Amino acid sequence: MPTDPSGLFATIEASAPAMAIAGSDWAFPLIETAHVVGVALVIGSILLLDLALLGVLRFPGRHEALQNTVLPWTWGGFVLALLTGMAMFASAATRYATNIPFLAKMALLMLAGVNMAFFNSHPGRPGARRGENLPGALRASAGISLCAWLGVVVTGRWIGFV
Amino acid sequence: MLEHLAAGLAGSAFVQALQEQVWAVALIQALHIVAIGLLLFPAAHATLALAGGRGEGAFPVGQALRWTWLAVALLVVTGVLTVLSDPERTLLNSLFQAKMVLLVVALAASWWIERRLEAAEHGSAPPRLVAALWLVLWLAIILCGRLIAYFGAPPAA
């Protein structure tokens with residue numbers, strides 16, 4: 001199976017920033033550490049929100065208030081993880097493009113994104129109307145979010161093992 | 001002494017069995033990262049509430065601090081297993097040793113901040129500088145942890 005028919009990944013890998021990362025002893029480990037910090041903020045904050053939606057954790061106030069407190073951390077962590085992830089990918093693009101755990105991680109990220117869009121567009125989402133009970137579809141969505149993000153961490157760590 | 005401990009552990013049946021299960025080692029490390037998230041997010045939130053002027057919002061600082069202790073428990077369990085998956089590469093690594101020293105300081109700071117927070121009803125909140133340094137300590141611990149894989153190995157005998 002041709003994995004890089006247009007030569008795009010090879011071009012990325014040969015770019016000056018990618019070569020600089022690949023050619024430095026320190027660049028990759030430091031970028032990777034920043035990636036762990038970003039991932040940690042995403043997983044820590046998302047788990048809290050999902051477990052609150054599922055009723056496992058209890059917090060004072062309405063769920064929207066918890067979202068307002070927590071989501072800026074999730075997005076901040078996500079941007080950090082995305083930028084550092086792109087830098088690491090560029091440094092060995094052709095290798096990552098055929099790495100099964102990497103591809104699984106990207107698929108899980110897409111699942112998490114689609115799931116979030118579903119949650120936010122659902123008429124029964126917290127804040128859209130009053131009431132304590134979360135519709136079953138949204139509870140399922142919170143469960144999918146939990147599993148997808150845990151899967152992102154597991155597949156992400158797995159990248160280095162194959 | 002540490003050399004003997006590392007060599008002794010490396011020769012144990014449990015360690016050798018664990019080393020053969022690569023999937024288990026990967027899963028343990030992934031859980032360690034999840035636990036880092038369970039520590040870092042509440043720690044960052046608490047620090048900003050204590051030192052940065054951002055309100056605690058719907059996540060009370062006291063609750064966030066209690067979470068960090070739960071995360072530490074999970075970190076210790078997954079961390080010990082990670083050490084056992086390769087005792088000689090971890091215990092003898094100078095960055096691992098630095099990480100353990102920083103960890104003791106960070107845990108002492110956690111304890112102190114919680115005590116000060118309990119006394120805060122009398123108007124003596126934890127100093128902002130200590131809260132900020134506490135978060136920096138955790139970030140340094142994460143840095144040391146990730147760098148163990150690259151640097152800090154003892155010179156080959």
Side-chain angles (χ1 to χ4, degrees), chain A residues 24-49 51-52 57-74 76-77 80-81 84 88 101 105 126 146 149-162, chain B residues 21-49 52 54-64 66-68 70-71 74-75 78 82 85 95 99 135-136 138-152:
Chain A
S24 157
D25 284 344
W26 281 91
F28 195 92
L30 292 179
I31 293 169
E32 201 181 10
T33 301
H35 192 68
V36 170
V37 169
V39 169
L41 289 175
V42 171
I43 194 81
S45 58
I46 276 284
L47 286 188
L48 181 146
L49 273 185
L51 290 174
L57 297 175
R58 301 223 165 267
F59 294 91
R62 296 165 62 94
H63 188 77
E64 306 148 78
L66 188 64
Q67 275 187 353
N68 292 338
T69 304
V70 170
L71 279 180
W73 289 105
T74 315
L80 179 61
T84 50
M88 289 192 291
K105 179 179 177 177
L146 201 69
W149 284 110
L150 288 173
V152 165
V153 177
V154 170
T155 50
R157 185 64 285 234
W158 220 298
I159 292 169
F161 278 80
V162 293
Chain B
Q21 309 296 324
V22 177
W23 63 270
V25 175
L27 203 60
I28 289 162
Q29 293 187 14
L31 273 175
H32 199 66
I33 294 174
V34 171
I36 292 171
L38 295 178
L39 178 124
L40 188 64
F41 163 62
H45 169 72
T47 296
L48 235 68
R54 188 181 192 257
E56 63 181 9
F59 189 18
V61 168
Q63 192 176 7
R66 278 195 299 281
W67 267 51
T68 64
L70 284 176
L74 185 56
L75 283 164
T78 52
T82 301
S85 75
L95 285 162
K99 178 179 175 175
L135 183 59
V136 171
W138 286 120
L139 291 171
I141 289 166
I142 294 170
L143 178 68
C144 286
R146 189 72 290 256
L147 294 189
I148 291 167
Y150 298 92
F151 308 108

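The shown structure was predicted, so the numbers you read here are calculated from the model rather than taken from an experiment. So that the names make sense, note that chain A is the first sequence line, chain B the second, and so on, each numbered from 1.
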Kindly determine whether B:V34 and B:T78 satisfy side-chain contact (heavy atoms from CB on, under 4.5 Å), including the steps that lead there.
CA-CA 10 Å; B:V34 171; B:T78 52; over 6 Å; no
Is chain B contacted by the side chain of A:L66, its backbone, both, or neither, given a heavy-atom distance below 4.5 Å?
both
Please classify the contact between A:V36 and chain B as side chain, backbone, both or neither, with a heavy-atom cut-off of under 4.5 Å.
side chain
Looking at chain B, which one of A:W158, A:W73, A:F28 has the largest number of heavy-atom pairs inside 4.5 Å, strictly under?
A:W73
Options B:F151, B:W23, B:W138, ranked by heavy-atom pairs under 4.5 Å with chain A, top entry
B:F151
Which atoms of A:V154 approach chain B - backbone, side chain, both or neither, heavy atom under 4.5 Å:
both
If you look at every heavy atom in A:K105 and A:G156, which pair is closest and at what distance?
CD-CA, 3.7 Å
Examine whether an atom of B:F59 lies under 4.5 Å from a heavy atom of chain A, and if so say whether it belongs to the side chain, the backbone or both; otherwise answer neither.
both
Under 4.5 Å to a heavy atom of chain A? For B:L27 that would be side chain
Pair B:F41 and B:W67, ring centroids less than 6.0 Å apart:
no
Do you know the tightest heavy-atom contact between B:P42 and B:G37?
CD-O, 3.8 Å
Closest non-hydrogen atom pair, A:P60 against B:A58:
CD-O, 3.8 Å
Smallest separation among heavy atoms of A:P29 and B:L147, with atom names
CB-CD2, 3.5 Å
Answer with side chain, backbone, both or neither: which region of A:L48 has an atom nearer than 4.5 Å to a non-hydrogen atom of chain B?
both
Looking at every non-hydrogen atom in both residues, tell me the closest pair between B:K99 and B:C144 and how far apart they are.
CB-CB, 3.8 Å
So which residue, B:I33, B:L39, B:L139, ends up with the most heavy-atom pairs under 4.5 Å with chain A?
B:I33
If one checks every heavy atom of A:I159 against chain B at 4.5 Å, the contacting part turns out to be neither
Tell me, for B:L31 versus chain A, whether the close heavy atoms (under 4.5 Å) come from the side chain, the backbone, both or neither.
neither
Closest heavy-atom contact between A:R58 and B:Q63?
O-NE2, 3.3 Å
